[in-house]
There are 2 protein chains.
Amino acid sequence: MAEIICTVDVVLLTLLDGQLRVALLRRDHEPFPGVLALPGGYIHPDQDGDTQVAAARVLLEKTGIVSPYLEQLATFSGRGRDPRGWSLSICYYALVPTEVIRLAGHPEVVLVPADGIAGLPFDHQQIVAAALERVRNKSSYSSLPVYLCGDTFTLPQLQSVYEALLGEPVNKVSFRRKIEEFDILEPIEGAMETGKAHRPAQLYRLKSRYRNRLSLTDRGLGTG
Amino acid sequence: MAEIICTVDVVLLTLLDGQLRVALLRRDHEPFPGVLALPGGYIHPDQDGDTQVAAARVLLEKTGIVSPYLEQLATFSGRGRDPRGWSLSICYYALVPTEVIRLAGHPEVVLVPADGIAGLPFDHQQIVAAALERVRNKSSYSSLPVYLCGDTFTLPQLQSVYEALLGEPVNKVSFRRKIEEFDILEPIEGAMETGKAHRPAQLYRLKSRYRNRLSLTDRGLGTG
DNA sequence: TTACTTAGTTGCAATATTAAACAAAGTAGC
DNA sequence: GCTACTTTGTTTAATATTGCAACTAAGTAA
């Protein structure tokens, strides 16, 4: 019986210049050496507890990042996707603020606009498309986008993150109502966004029970 | 490097006596011979185009069923789940009307109530739980439950399927409005449900473009 | 023929969502 | 220091959606 190649791949997403971007790396091995691709690698049964751990390990090794949000996306498989043979990749996606990528100190990480991405090896384009669909879909009913913000942020900032993801303006009152009912944010006592020539905005952060969690319920934070 | 055991498992769901049930089979091999478990099996890279095809094949071989709806659920993995070693199972779920199971002619298929299921080997209990969560969640906004109905059905019948899945009564008017806006059903000209001591109900069927599809968009039929 | 039961529709009340207007709180320019 | 300007955050009004209850329709049973 033929061998099955078992790998994990991670779609690491971030928001830069109001644009959703995917973190890519130049491959240093065959196949497709030198080509930009998703961070990925073989599962190591001897060291990985499961594929989620494998994905976190691969992400850390290749980008230096530990993402609080890392969720399984889907498994892609088949004969055609890898020239080495019948393969299978359990794919995950992660959301982090851009600072996290910058501070991870891996300058070889390239942030490519997620929409209209092309030229990726294997079936990475499909994988990215699936991740985008999932993230945008979840953004329409959950608190997922907070993972693209830093530790503290204002509601207008968070709103603009939602708008960037959904690609359309969202109603201010409805937005605030929704966030309120998710009940995941708390205002930081007395902390305001300063320096702007207008009324300062309240700074918020995730409530403590939602911070630093490594993998959450399938429906994301909040009530979903 | 240790070997990875690659399998597929299928959570085949149906509605019997107003109860959601899972199709199980007694295992005939080690490990857990004689124990009721999900239909599953090894991926055959030489004959399976991908894992979806493998799942369809396994389902057909073990139950005689070809399910129009077969969707990837998630991949379960790790060292602990299979006594033979580090394993990984790409899991799918399928919905069929009970007649399809009966007509498939595999009397060894056992239909066990899905809620409170226990005593399953491997991590099959978690897999079933994940499938139930997915199906119930999707039922709340999509047309997924139509796959539990036969070729033709009345709106009150479909409504009771939704109610069985969601575990609560649904408003008749809202239900009909929602189905209308999915725009996936058509009344069968002049065909009524007869024999009952009350006004006969109109029979409906899926519009042709939604029939016999083997795998659909991630969000199910209709607008979702 | 009358009673009964469920199918399917209609109108209205309750609720939720969106839009518009307003008040609050800062900086910038003169 | 006063005025203009800008964005935050809230309040109020308009609109849309949902859910209930009543009603009509169409069959069988007695």
Side-chain angles (χ1 to χ4, degrees), chain A residues 18 137 139-143 145-146 149-150 152-205 207 222-224, chain B residues 18 137 139-143 145-146 149-207 222-224:
Chain A
N137 179 27
S139 297
S140 68
Y141 63 80
S142 84
S143 57
V146 298
C149 294
T152 70
F153 47 87
T154 69
L155 291 185
Q157 281 168 358
L158 181 58
Q159 181 173 345
S160 74
V161 169
Y162 271 85
E163 288 172 341
L165 287 170
L166 300 174
E168 60 185 13
V170 310
N171 181 274
K172 182 166 56 166
V173 177
S174 308
F175 171 74
R176 293 167 105 101
R177 214 197 346 254
K178 193 70 97 179
I179 295 295
E180 175 100 13
E181 89 195 14
F182 286 157
D183 193 33
I184 51 163
L185 298 186
E186 60 187 9
I188 304 170
E189 211 52 38
M192 298 285 173
E193 187 196 35
T194 57
K196 299 290 176 55
H198 54 75
R199 176 175 176 175
Q202 174 67 52
L203 280 173
Y204 287 82
R205 66 180 165 206
K207 289 188 176 179
T223 182
Chain B
N137 178 29
S139 296
S140 68
Y141 63 80
S142 83
S143 57
V146 298
C149 294
D151 291 338
T152 70
F153 47 86
T154 69
L155 291 185
Q157 281 169 359
L158 181 58
Q159 181 174 346
S160 73
V161 170
Y162 271 84
E163 290 173 336
L165 288 170
L166 300 175
E168 61 185 12
V170 310
N171 181 273
K172 181 166 59 166
V173 178
S174 307
F175 171 74
R176 292 168 104 101
R177 257 198 298 255
K178 191 71 96 179
I179 295 295
E180 174 100 12
E181 103 199 357
F182 286 157
D183 194 33
I184 52 162
L185 299 186
E186 59 187 10
I188 304 170
E189 212 51 39
M192 298 286 173
E193 185 197 37
T194 57
K196 300 289 176 56
H198 54 75
R199 176 175 175 175
Q202 174 67 53
L203 281 172
Y204 287 82
R205 66 179 167 207
L206 270 179
K207 289 188 175 179
T223 180

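All chains are named by letter (A, B, ...) in the order of the sequence lines, taking the proteins before the strands, and each is independently numbered beginning at 1.
Rounded to an integer number of Å, the gap from CG of A:N171 to P of D:dG9 is 15 Å. Residue A:E180 contributes atom CD, which lies 15 Å from atom P of C:dA16 at whole-angstrom precision. Look at CG on B:L158: it is 12 Å from P on C:dG8, rounded to the nearest Å. Distance, A:Q159 CD to D:dT7 P: 13 Å, rounded to whole Å. Counting to the nearest Å, the C1' atom of C:dA7 and the CE atom of B:M192 are 10 Å from each other. Between A:L203 atom CG and D:dT7 atom C1' there is a gap of 15 Å when expressed in whole angstrom units. Between B:I179 atom CD1 and C:dA7 atom C1' the separation is 16 Å, expressed in whole Å. Taking atom CZ on A:F175 and atom C1' on D:dT10, their separation rounds to 16 Å, with Å as the unit.
Nearest nucleotide to the side chain of A:H198, out of D:dT8, C:dT18, C:dG8: D:dT8. When distances are taken from the side chain of B:R176 to each of D:dT28, C:dT9, D:dG9, the shortest belongs to C:dT9. Proximity note for A:V173 (side chain, C-beta onward) versus C:dT27, C:dT17, D:dT10: the nearest is D:dT10. Nearest nucleotide to the side chain of B:R199, out of D:dA26, D:dG19, D:dT8: D:dA26.
Considering only side-chain N and O atoms, A:R177 lies nowhere under 4.0 angstrom from the phosphate OP1 or OP2 of C:dA16. Note on A:S174: a side-chain N or O is less than 4.0 Å away from OP1 or OP2 of C:dT18.
In terms of modelled atom types and a separation under 3.5 Å, the side chain of B:Q159 and the main chain of B:V170 share a donor-acceptor contact.
Within 6.0 Å of the CD atom in A:E180, the count of heavy atoms belonging to other residues, nucleotides or ligands does not exceed 12.
Applying the 3.5 Å distance criterion, the base of D:dG19 shares no donor-acceptor pair with the side chain of B:K172.
Heavy-atom distances to DNA chain C give each of B:E193 and A:G195 a nearest nucleotide, and the one nearer the 5′ end belongs to B:E193.
Under the 6.0 Å cut-off for aromatic ring centres, A:F153 and A:Y204 do not qualify, their centroids lying 6.0 Å or more apart.
Within the 4.5 Å cutoff, side-chain heavy atoms of B:L185 are placed close to those of B:L155.
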Could you pull out all donor-acceptor pairs under 3.5 Å where a side-chain atom in residues 193-203 of chain B meets a protein atom, sequence neighbours excluded?
residue: B:E193; atom: OE2; partner: B:Q157; partner atom: NE2; Å: 2.9
residue: B:Q202; atom: NE2; partner: B:I188; partner atom: O; Å: 2.8
residue: B:Q202; atom: NE2; partner: B:A191; partner atom: O; Å: 3.2

